[in-house]
Student: 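Structure provided below as structure tokens; questions to follow.
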Amino acid sequence: MEYPFEKIEKKWQNIWAEKKIFDAEDFSEKPKYYVLSMFPYPSGALHMGHVSNYSIADAISRYKMMQGFNVMQPMGYDSFGLPAENYAIEHNSHPRITTDENINIMRNQFDSIGFGLDWEREVSTCHSDYYRWGQWLFKKMYEKGLVYKKTSFVNWCESCQTVLANEQVEDGKCWRCETVVRQKELEQWFFKITEYAEELLDFSKVIEWPERVKTMQTNWIGKSFGTEMWFKLEDSDDIIKVFTTRPDTIFGCTFMAVPPEHPLMMKWLEKADSEIKKFCDKVMNEDKITRTAEETTKEGMFTGRYALNPVNGEKVQIWVTNYVLMDYGTGAVMAVPAHDQRDFEFAKKYDIPIKIVIQNPEKSLVLKEMTKAYIEPGILVNSAQFDGMESVASQKAITDWMVQQKTGKHTITYRLRDWGISRQRYWGTPIPIVYCEKCGTVLVPDEDLPVKLPEDVQLGKTTQNPLLSVPEWINTTCPQCGGTARRETDTMDTFVDSSWYFARYADAKNDKIPFDKEKADFWLPVDQYIGGIEHAVMHLMYARFFHKFMRDIGLVSSDEPFARLLTQGMVTKDGAKMSKSKGNTVDPQYIIDRYGADTVRVFMLFASPPDKDSEWSDEGVKGSFRFLNRVWRLFEENLELIKENSAAKEREEAQSIFAEIKELRFSTHFTIKKVLNDIEDRMQFNTAIAAIMEHLNNIYSITETDKLNDTEKAVFAEACTVIPRLLYFFAPHISEELWKLMEREELVHEAGIPEFNKEFLKKDEVTYVVQIMGKVRGKMEVPINTSQEEIKKLALEIENVKKYMEGKEIKKIIVVPKKLVSIVAK
RNA sequence: GCGAAAGUGGUGGAAUUGGUAGACGCGCUGGAUUUAGGAUCCAGUGGGAGAAAUCCUGUAGGGGUUCGAGUCCCCUCUUUCGCACCA
């Protein structure tokens, strides 16, 4: 017989909803705890990744509820974006309709799994009551000087007349029409995230973030100390600035590499010969993906021009290449082939001179014998007055000297670039800007917000931005002079919408401001944030940037949005990520219908630690179902005994208890300790569930319950009653039902976290493992308070140990308390 | 190419601080029960030798540190995630 999960789950979901136990209370007396999982994109159906993510969040949330916290676990939808636009075109519908439909489906699915969500705070980024505040924040940022416009290159399909996202470029071609993608220069809006680079490097204000995420963000920001050097041109007064982290190699600079996009290059191109023009054209039209692909060979052409090395006046060839990028550093590289591998390969290919300026102190370098660049530190040679200096020490000396000579300066460079937020698409937050013929670029005034996305657009008729097809929306009046003006038709990157939603949950219905400061300060920072590792850098850094910006304009007081971060792994099947194209998806709804929500949750949490990928297994789900059935049967078969004895106190001395029952009592208290420790300190739910399974096995090992005396019955009952309270975090429905069967009045979380008694965890004896030269040769049980000397003696008396020690001399005996004895012998 | 992780039985995984490798679950084998299927219960299950005690071997591969290494260090391979060729 299967336990009646269907009836139980519906019943408790209704009770929870009626009692509003998941409604978080602003300014409550109880300490707050804010649990947030990254909100989903409303694709129309939950996938296993969602179930895994939200099962983790719900386990933490219910644990905190049981501890007496005022828990907030909100939910919303990241509902703008390209996929919705494409989906609507495919289904000849409108993204507004399909998105809202999808949201309704997903909301029902969340409820059918019984997640403890506070629906009063639901947000959807595509609704104007949400995105108007995104526009408001854009304006604030603009007013603060953190928004600007500049040209940058985008992937452009000539035939579709549209900008393509990187993911829409396949093998350098448009995914729809297979036209070769070109690079086109467009005016775009940028957020000055680089202003916050230094603060974003500082993680001292977060409580617990995975090291790997901090490292990835730190590397992404890429702070480097170096030298900026100014190269004069041979035949003009123009100067080329280069940035280098290796000023010690400057005397070995034999050429300079610039990208076609470099301003000087653009200038020269007018007069350049056709070969160079052709080359530049080719490089610039390579889409970013091809240009950054590993197979792409480093290519270049000599421009015929020279710069002068600022330290010795030597002529340096200027090459235009495909491997230097305009947007990092100064957009030009001083090339030192002898001491940089990429420069070395390039110089060899094009027969450019190579000059050794750092000698290997171990083995002198000989130019003709070099097969690769020497990049390690060494001793300077061919470097004028710096000859003989150690290369690392010379970096400061050379730069100091260049500062004196006014040919360079110390500088700090970040790899991080400003955030381009313009998207030439329909389904996104409109940028609240109008262009007036007289006044120029004008912000839309607060009272005119939101700038609503027009609903009546032509989707799919043309491939270009559908907003261009709505003249009545584009054409407007200038809020300053009342003259004719045009609206900005770019919309914002959806990462903007997801960069502040966590704060909106604190006050989701506010229609006067983005959110009330007091409420935001009450709830923020998010105590526990949970989401995929794929967001380690971009989303998580954009959100930190926004939070710091919001702090700086007085909207919030905290420094970081997310105090603790848990990055969960993917759900795989047959070793690969579940995806429709691979055909290896599993529909959670089917599994819920067949085995119940509790089973699915237990399986997802039991399959692997939350931060690791987990492999889906149909058989494994059955195992979780079997476990819950075993729990159910235990209560069914022993209900009277449990009910009658669960409130009973210990009636006799512990010593008088039958040994097996004493072990059961140990198991009860050990399990409590283990489960709480796994959740609180380790966030490892798989071992917590395993511990409950083990405890259940221990209970089942007591077979003749009718022969127990009163004390023993109390111990047995206690062993059972602990289960619903520990299982509640993972399988809340069945736990509530069992609790109710025991005629408890309160809900499980109101009963509080079970406590363990240290007294019952004490053991009289411990097992020592005896090793000789690292190999296990025996085991022994000794009373817990045996002295070290005694333990050594006992270890040497073990038969097997004696055998191995024959003819050997004891050099040392190491005793690890309560664990092992290691004998070092010769 | 760059950055970040991971690799343990047939399988998902456990081993929390360098201290008995394989907890717990799945699968499999044998048995009990059942008209059958299913469900349930009991026993076994890394590989090799042995009747057994026990021994040898084993955590992607190679090397090192240590009384002792899945765990720490170096190199290699493979897989996954992110990306903006980061000088």
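Computed from heavy atoms alone, side chains included, the values below leave out hydrogens, waters and symmetry copies. A, B, ... follow the sequence lines: proteins, then strands. Residue 1 opens every chain.
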Student: Do N800(A) side-chain atoms and R777(A) backbone N/O form a donor-acceptor pair below 3.5 Å?
Tutor: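 Checking the backbone N and O of R777(A) against the side chain of N800(A), a donor-acceptor pair under 3.5 Å is found.
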
Student: When the P atoms of G25(B) and G44(B) are compared, how many Å lie between them, rounded to an integer?
Tutor: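 Roughly 14 Å separates the two P atoms.
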
Student: Between the protein and nucleotides 49-53 of chain B, list every N/O to N/O distance that falls short of 3.5 Å.
Tutor:
none

Student: Have a look at V537(A) and say if it touches a base, only the backbone sugar-phosphate, or nothing, with a 4.0 Å heavy-atom cut-off.
Tutor: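 Answer is nothing: V537(A) stays at 4.0 Å or more from every strand.
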
Student: Should we say atom NZ of K355(A) is surrounded by more than 12 heavy atoms from elsewhere, each under 6.0 Å from it?
Tutor: yes

Student: Using the P atoms only, state how far U66(B) lies from G12(B), rounded to an integer number of Å.
Tutor: 35 Å

Student: Parallel, tilted or perpendicular: which fits the ring planes of F255(A) and W319(A), with parallel below 30° and perpendicular above 60°?
Tutor: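 Perpendicular: the ring planes of F255(A) and W319(A) meet at over 60°.
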
Student: Verify the ring-centre separation between F495(A) and W419(A): is it less than 6.0 angstrom?
Tutor: no

Student: Checking K792(A) now: which residues fulfil side chain to side chain donor-acceptor pair (under 3.5 Å) with it, not counting sequence neighbours?
Tutor: none

Student: May I ask you to decide if the ring planes of H535(A) and H539(A) are parallel, tilted or perpendicular, using 30° and 60° as cut-offs?
Tutor: perpendicular

Student: For the pair D493(A) and R423(A), evaluate salt bridge (charged side-chain N to carboxylate O under 4.0 Å, His left out) and give the outcome as yes or no after the intermediate values.
Tutor: CA-CA 6 Å; D493(A) 180 1; R423(A) 297 291 181 270; 3.1 Å; yes

Student: Reckon A607(A) touches a base, only the sugar-phosphate, or nothing at all at heavy-atom distances under 4.0 Å?
Tutor: sugar-phosphate

Student: For G9(B), does the O4'-C1'-N9-C4 or O4'-C1'-N1-C2 angle fall within 90° of 0, making it syn, or is it anti?
Tutor: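 This nucleotide is in syn.
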
Student: What interatomic distance, in whole Å, is found between P of C73(B) and the corresponding atom of U65(B)?
Tutor: 16 Å

Student: What's the closest nucleotide to the side chain of N219(A) if the choices are A4(B), A21(B), G13(B)?
Tutor: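 Nearest nucleotide to the side chain: A4(B).
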
Student: Between L696(A) and M693(A), is the side chain to side chain contact (heavy atoms under 4.5 Å, CB included) condition met? List the steps.
Tutor: CA-CA 5 Å; L696(A) 184 68; M693(A) 287 175 171; 5.6 Å; no

Student: List every contact pair, protein side and nucleotides 65-71 of chain B side both N or O, where the distance is under 3.5 Å.
Tutor:
| unit_1 | atom_1 | unit_2 | atom_2 | d |
| --- | --- | --- | --- | --- |
| C67(B) | O2 | S822(A) | OG | 2.5 |

Student: Tell me if a side-chain donor or acceptor on N638(A) pairs with a main-chain N or O of L634(A) at a distance below 3.5 Å.
Tutor: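 Yes; judged by distance alone, with no hydrogens or angles, the pair exists.
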
Student: When all nucleic acid strands are considered with a 4.0 Å heavy-atom cut-off, which category describes Y700(A): base, sugar-phosphate, or nothing?
Tutor: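 No contact.
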
Student: By the 4.0 Å heavy-atom rule, please label R417(A) as base, sugar-phosphate, or nothing.
Tutor: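 If one applies the 4.0 Å heavy-atom cut-off, R417(A) turns out to touch a base.
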
Student: With a 6.0 Å cut-off on ring centres, are F627(A) and F606(A) close enough?
Tutor: no

Student: What are the residues of residues 666-676 of chain A, sorted by number, that bring a heavy atom to within less than 4.0 Å of RNA chain B?
Tutor: K674(A)

Student: Please report, to 0.1 Å, the donor-acceptor pairs under 3.5 Å made by any side chain of residues 211-227 of chain A, with sequence neighbours excluded.
Tutor:
| unit_1 | atom_1 | unit_2 | atom_2 | d |
| --- | --- | --- | --- | --- |
| E211(A) | OE2 | K214(A) | NZ | 3.4 |
| T215(A) | OG1 | E211(A) | O | 2.7 |
| Q217(A) | OE1 | R544(A) | NH1 | 2.8 |
| Q217(A) | NE2 | A536(A) | O | 2.9 |
| T218(A) | OG1 | K214(A) | O | 2.7 |
| N219(A) | ND2 | T215(A) | O | 3.4 |
| K223(A) | NZ | E198(A) | OE1 | 3.1 |
| K223(A) | NZ | E198(A) | OE2 | 2.9 |
| T227(A) | OG1 | T399(A) | OG1 | 2.8 |

Student: Measuring only the C1' atom in each nucleotide, how far is U8(B) from G3(B)? A whole number of Å is fine.
Tutor: 27 Å

Student: Where along nucleotides 26-34 of chain B does protein come under 4.0 Å, by heavy atom, of base (B) or sugar-phosphate alone (S), with - for untouched nucleotides?
Tutor: SS-------

Student: Which one, G19(B), C24(B), A87(B), comes nearest to the side chain of T245(A)?
Tutor: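 Comparing G19(B), C24(B), A87(B) against the side chain of T245(A), the answer is A87(B).
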
Student: Taking the nucleotide of RNA chain B with the nearest heavy atom to each, does M538(A) or N800(A) sit closer to the 5' end?
Tutor: N800(A)

Student: What nucleotide among G13(B), U20(B), G19(B) has an atom nearest to a side-chain atom of T767(A)?
Tutor: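 Per side-chain heavy atoms of T767(A), the pick is U20(B).
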
Student: With P as the reference atom in both, quote the distance from G31(B) to U16(B) in angstrom, rounded to an integer.
Tutor: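 Result for the P pair: 39 Å, nearest Å.
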
Student: Taking the side chain of D678(A) as heavy atoms from C-beta outward, which of A21(B), U16(B), C81(B) is closest to it?
Tutor: U16(B)

Student: Which residue pairs satisfy the side chain to side chain donor-acceptor pair (under 3.5 Å) criterion with at least one member in residues 808-824 of chain A, sequence neighbours excluded?
Tutor: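 Found none.
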
Student: Choosing from A87(B), A84(B), U54(B), which nucleotide comes nearest the side chain of L416(A)?
Tutor: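 Among the listed nucleotides, the one closest to the side chain of L416(A) is A84(B).
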
Student: Going by side chain to side chain donor-acceptor pair (under 3.5 Å), name the residues that satisfy it together with R246(A), two or more places apart in sequence or in a different chain.
Tutor: D248(A)

Student: Compare the minimum distances between each of A5(B), C56(B), C24(B) and the side chain of R777(A), then state the nucleotide with the smallest one.
Tutor: C56(B)

Student: Between D248(A) (CG) and A87(B) (P), how many Å, whole number?
Tutor: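 Going from CG in D248(A) over to P in A87(B) covers 14 Å.
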
Student: Taking it one step at a time, do R594(A) and E2(A) satisfy salt bridge (charged side-chain N to carboxylate O under 4.0 Å, His left out)?
Tutor: CA-CA 11 Å; R594(A) 171 63 190 86; E2(A) 291 177 357; 3.0 Å; yes

Student: If you look only at pairs with a residue in residues 675-697 of chain A, which of them pass as a salt bridge (Lys or Arg N to Asp or Glu O under 4.0 Å), with sequence neighbours excluded?
Tutor: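 Passing the test, one end in residues 675-697 of chain A: K64(A)-E680(A), K674(A)-D678(A), D678(A)-R682(A).
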
Student: If you assign each of S224(A) and E534(A) to its closest nucleotide in RNA chain B, which residue comes earlier from the 5' end?
Tutor: E534(A)

Student: Which range-with-range stems can be found for RNA chain B when each stem has 3 or more Watson-Crick or G-U pairs in a row and both distances sit under 3.5 Å?
Tutor: B:1-7 with B:77-83, B:10-12 with B:24-26, B:27-32 with B:40-45, B:46-49 with B:54-57, B:60-64 with B:72-76

Student: Determine the Euclidean distance between corresponding P atoms of G1(B) and U76(B); express it in Å to zero decimal places.
Tutor: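 Those two atoms are separated by 12 Å.
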
Student: Assess the side chains of Q568(A) and S52(A): does a donor N or O sit below 3.5 Å from an acceptor N or O?
Tutor: yes

Student: Please give me every residue in residues 682-697 of chain A whose heavy atoms get under 4.0 Å of an atom in RNA chain B, ordered by residue number.
Tutor: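 Per residue number, the list reads R682(A), Q684(A), N686(A), T687(A), A690(A), M693(A), E694(A), N697(A).
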
Student: Less than 4.5 Å apart, any side-chain heavy atom of F666(A) and any of K763(A)?
Tutor: yes

Student: Expressed as a whole number of Å, how far does the C1' atom of U59(B) sit from that of U71(B)?
Tutor: 10 Å

Student: Out of the candidates T786(A), I784(A), I791(A), only one should pair with V766(A) under the side chain to side chain contact (heavy atoms under 4.5 Å, CB included) rule; please name it.
Tutor: I784(A)

Student: When all nucleic acid strands are considered with a 4.0 Å heavy-atom cut-off, which category describes R246(A): base, sugar-phosphate, or nothing?
Tutor: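 The residue R246(A) makes no contact with any strand.
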
Student: I'd like the C1' distance from G46(B) over to G13(B), given in whole Å.
Tutor: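 Here G13(B) and G46(B) have their C1' atoms 15 Å from each other.
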
Student: Would you say N53(A)'s side chain and G49(A)'s backbone share a donor-acceptor pair under 3.5 angstrom?
Tutor: no

Student: Going by salt bridge (Lys or Arg N to Asp or Glu O under 4.0 Å), name the residues that satisfy it together with D598(A), two or more places apart in sequence or in a different chain.
Tutor: none

Student: Looking across every strand, which nucleic acid part, if any, lies under 4.0 Å from D613(A) by heavy atom: base, sugar-phosphate, or nothing?
Tutor: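 Sugar-phosphate, no base atom in range.
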
